[in-house]
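The block underneath contains the structure these notes are about, expressed in structure tokens.
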Amino acid sequence: MAHLHQTDEQGFAIARLGNSQVEVAVIPALGAKISSLRALPDGREWMWRPPGPLLLFSCPSEDFSKSTLIGADECFPTVRECCVGGRLLPGHGEVWNLPWTLDETATDVIRTSLRLPISPFTITRTVSLDGGAVVLDYEILNHSAACEAFLWALHPLLTVAEGDRLHLPDCVQAVRVEAASFPGTEIGANWPWPSPDPQIDLRALRLESHRAAAKVFAGPLEEGRAQIENSTTGDRVEFRWSKYEMPFLGVWLSRGAWSGFHHAAIEPTNAPFDKLSDALQSPTPALFVEANSSRRWRLTICPTTRI
């Protein structure tokens, strides 16, 4: 049975949902950020945060690098800044730095929602538990009388440890490079999965140096699944979703290049681009929601640990 309670930390209400197997925490005022995710009783904290004491604060600008940089944020309706239909969409989208409304009537789920300030959408996310699984149910409502395009990606900064391995579906034989911080890498190039050369092993979460970062896309997928597993510690986190709803997967890996930080992100998405404007150059059905209609999808996250 799931138990929901609220705590206050540094002036922010944190909604915590847990049972005997798993616990998740959400900060509605900070973009409905998922600030904690771990298997019980003593599993790894999967939500990454910068070293030092926990700092919570509202981001004063649209610059994501100046935010708390904690845990998982929602990127919608774009990931990188772009202009679509005369709308200038900010980096990481419109929702990550705004307060979402918490449904105070819910007793065993964390339901939050937000009407976007620029695009004609309302987004609602319901977090529930199913045994040891954290289930994220999404609904977006298009208020426009026209069909609208969107990009969505969860941006969960995950802790990484020695011995971690990233496992993708067997159908993934190559990934496309969206961004890379080291020279000699062509943006848009296809890398063989998991290793384009001896210095890079994405399965082992290893790049060519300790000051490197990369963002790659896989798909369209035959199976919506990805996991990080550590055979030494027994820690594992698995992401599962429908390949029809979200046919692609983004993988972000920072090995010291971004402010010296080391973390990874598993990012299911409906298009293999960070800019909605780029996605519209090669559109797929998953990119659209009809006029005055809604779209729904589900993401399941399962953290486990050796007991």
Side-chain angles (χ1 to χ4, degrees), residues 17 21-22 24 26 31-34 37 39 46-47 71-79 92-93 95-96 109-113 121 123-141 149-158 165-173 175-176 178 193 202-203 215-229 236-253 264-274 276 279 283-289 294-304:
L17 187 66
Q21 301 177 63
V22 67
V24 61
V26 172
K33 176 191 298 290
I34 299 174
L37 173 70
W46 284 102
M47 293 293 101
D73 293 284
E74 299 289 348
C75 295
F76 175 77
T78 188
V79 179
H92 280 70
V95 305
W96 65 271
V109 301
I110 304 173
R111 181 174 295 113
T112 49
S113 60
F121 294 113
I123 182 169
T124 300
R125 187 189 71 198
T126 303
V127 181
S128 60
L129 303 183
D130 182 7
V134 176
V135 181
L136 310 180
D137 283 305
Y138 293 86
E139 180 179 16
I140 58 171
L141 175 62
F150 72 95
L151 266 181
W152 169 82
L154 185 66
H155 184 59
L157 296 179
L158 303 171
R165 294 294 182 268
L166 172 63
H167 301 289
L168 302 186
D170 292 340
C171 64
V172 177
Q173 300 297 312
V175 293
R176 184 182 62 81
E178 176 75 7
W193 172 265
L202 297 176
R203 180 173 292 147
K215 172 72 177 290
V216 299
F217 282 103
L221 302 171
E222 296 177 4
E223 181 183 9
R225 179 181 55 81
Q227 70 178 27
I228 293 177
E229 182 176 29
R236 183 180 69 175
V237 63
E238 183 177 51
F239 290 65
R240 299 196 301 262
W241 65 95
S242 168
K243 67 177 183 179
Y244 303 106
E245 297 166 347
M246 298 292 148
F248 301 92
L249 173 66
V251 175
W252 160 259
L253 179 59
I266 293 172
E267 306 184 11
T269 183
N270 58 327
F273 301 94
D274 276 348
L276 177 57
T284 66
L287 198 63
F288 299 98
V289 56
S294 62
R295 279 274 305 275
R296 296 177 178 86
W297 65 91
R298 169 175 286 186
L299 172 65
T300 301
I301 309 176
C302 302
T304 58

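Between Met246 and Leu299 the shortest side-chain heavy-atom distance does not fall below 4.5 Å. The closest side-chain heavy-atom distance from Leu37 to Ile301 is below 4.5 Å. Residues Arg125 and Ile34 are in side-chain contact: their nearest non-hydrogen atoms beyond the backbone lie under 4.5 Å apart. Within the 4.5 Å cutoff, the side chain of Arg176 has heavy atoms near those of the Phe273 side chain. Side chains of Ile140 and Trp297 form a contact here, defined as non-hydrogen atoms less than 4.5 Å apart. In this structure, the side chains of Pro303 and Val22 come closer than 4.5 Å at one or more pairs of heavy atoms. The side-chain heavy atoms of Val172 and Leu221, taken from C-beta on, include a pair separated by under 4.5 Å. Between Met47 and Leu157, every side-chain heavy-atom pair lies at or beyond the 4.5 Å cut-off.
Closest of all the heavy-atom pairs between Ser128 and Leu17 is CA-CD2, 3.9 Å. The shortest non-hydrogen separation linking Ala153 to Val79 is CB-CG2, 4.2 Å. Residue Asp130 comes nearest to Val135 through the heavy atom pair CB-CG2, 4.1 Å, listed as atom of the first residue, atom of the second, then distance. Closest approach of Asn270 and Ala286 over heavy atoms only: ND2-O, 3.0 Å. Between Leu276 and Pro77, the shortest heavy-atom distance links the atoms CD2-O, 3.6 Å. Between Leu249 and Ala226, the shortest heavy-atom contact is CD2-CB, 3.9 Å.
The CZ atom of Arg240 sits 9.5 Å away from the CZ atom of Arg225 when rounded to the nearest 0.5 Å. Separating the CD atom in Glu267 from the CG atom in Asp274 is a distance of 7.5 Å, to the nearest 0.5 Å. Once rounded to the nearest 0.5 Å, the distance linking CZ of Phe239 with OG1 of Thr300 reads 11.0 Å. To the nearest 0.5 Å, atom CH2 of residue Trp241 and atom CG of residue Leu136 are 12.5 Å apart. In this structure, Ile266 CD1 and Leu253 CG are separated by 11.0 Å, a value rounded to the nearest 0.5 Å. With values rounded to the nearest 0.5 angstrom, Leu168 atom CG is found 8.5 Å from Leu202 atom CG.
Using a cutoff of 4.0 Å between basic side-chain nitrogens and carboxylate oxygens, Glu229 and Arg165 are not scored as salt-bridged. Contact check on Glu238 versus Arg236 returns no salt bridge, with no Lys/Arg side-chain nitrogen under 4.0 Å from an Asp/Glu carboxylate oxygen.
Between the side chain of Asp73 and the backbone N or O of Gly31, no donor-acceptor pair lies under 3.5 Å. Although no hydrogens or angles enter the test, the distance criterion places no donor-acceptor pair under 3.5 Å between the side chain of Glu222 and the main chain of Gly219. Counting only distance, with no hydrogens or angles, the side chain of Ser294 and the backbone of Glu139 share no donor-acceptor pair below 3.5 Å.
Donor-acceptor pairing under 3.5 Å is recorded for the side chains of Glu74 and Tyr138.
For Phe76 and Trp152, the gap between ring centers reaches or exceeds 6.0 Å.
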Would Phe121 and Val289 count as a side chain to side chain contact (heavy atoms under 4.5 Å, CB included) here? Give the steps.
CA-CA 10 Å; Phe121 294 113; Val289 56; 3.4 Å; yes
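Arg111 pairs with exactly one of Asp137, Thr126, Thr124 by the side chain to side chain donor-acceptor pair (under 3.5 Å) rule, that one being Thr126.
Judged by a 6.0 Å distance limit and a 45° cone about the ring axis, Arg295 is not positioned over the six-membered ring of Phe288.
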